[in-house]
Amino acid sequence: MVATGAACGSSQPGSTAPSASCARERAALDRIGPVETLGDASRALRRSIAGERRLLAGFRHDDPLAPRILQAIAAGKRSLVSIERSDPQKTMSPIRTGAPDARRAVETLREILRVFCGRR
C-alpha cells in the first residue's frame, strides 16, 4: 500500500501509534451516531462522504485502496440523492429508503479506516 503521510499515517509493520489524521477520522466517524431516521441517514451519508474524501486526498491514485474509497464515495452520493429526491419532506419510512444504505456507508468507512490505519 502506498500512501502519503498526510492521510492516516503509516500502516507499515512495527508502526504502533496511529497518526493524528487516523485518530481524527476515527473520532469523526464515532460522532456520526446511530442511523434511525431519514435525517440521521442524510447526515451520516454526508459525513461518510466527507471522511472518505479527506482520506482520498492523502492517497496516491495508484494506491490499491483508492478505488474502494472512490466506490464508497459514489455509493454514498447515490444514496444521498435517492433520499433527497424521493422523499424531500422526509416522511417515508427510513427502512424503505435511506437508513440501511447510510448504515452500510458508515460501516464501509469504518472498514476502510481499519485497513488503512492498520487496525485489522
Who are the side-chain hydrogen bond (donor to acceptor under 3.5 Å, both in side chains) partners of R53, not counting sequence neighbours? none
Closest heavy-atom contact between G51 and E25? CA-OE1, 3.7 Å
Look at the side chain of D30 and the backbone N and O of A27, then say whether any donor-acceptor pair between them is shorter than 3.5 Å. no
Euclidean distance, R26 CZ relative to C22 SG, rounded to 0.5 Å: 5.0 Å
Give the intermediate values and the outcome of side-chain contact (heavy atoms from CB on, under 4.5 Å) for residues S48 and I32. CA-CA 8 Å; S48 293; I32 291 174; 4.0 Å; yes
Name every donor-acceptor pair, under 3.5 Å, that has one atom in a side chain of residues 65-79 and the other anywhere in the protein, sequence neighbours excluded.
from: S79; atom 1: OG; to: A75; atom 2: O; distance (Å): 3.2
from: S79; atom 1: OG; to: D101; atom 2: OD2; distance (Å): 3.3

Same cluster or not: are V35 and I83 linked, directly or through other Ile, Leu, Val, Met, Phe, Trp or Tyr residues, by side-chain heavy atoms under 4.5 angstrom apart? no
Gap between atom CZ of R54 and atom CZ of R24 - 0.5 Å precision: 8.0 Å
In terms of hydrophobic clusters joined by side-chain contacts under 4.5 Å, are V106 and L55 together? yes
Salt bridge (charged side-chain N to carboxylate O under 4.0 Å, His left out) between R104 and E107: does it pass, once the steps are laid out? CA-CA 5 Å; R104 278 190 291 278; E107 286 310 309; over 6 Å; no
Specify the closest pair of heavy atoms between E52 and A105, including all atoms of both residues, with the distance to one decimal. OE2-O, 4.0 Å
State, with a plain yes or no, whether a side-chain heavy atom of R43 is found less than 4.5 Å away from one of D40. yes
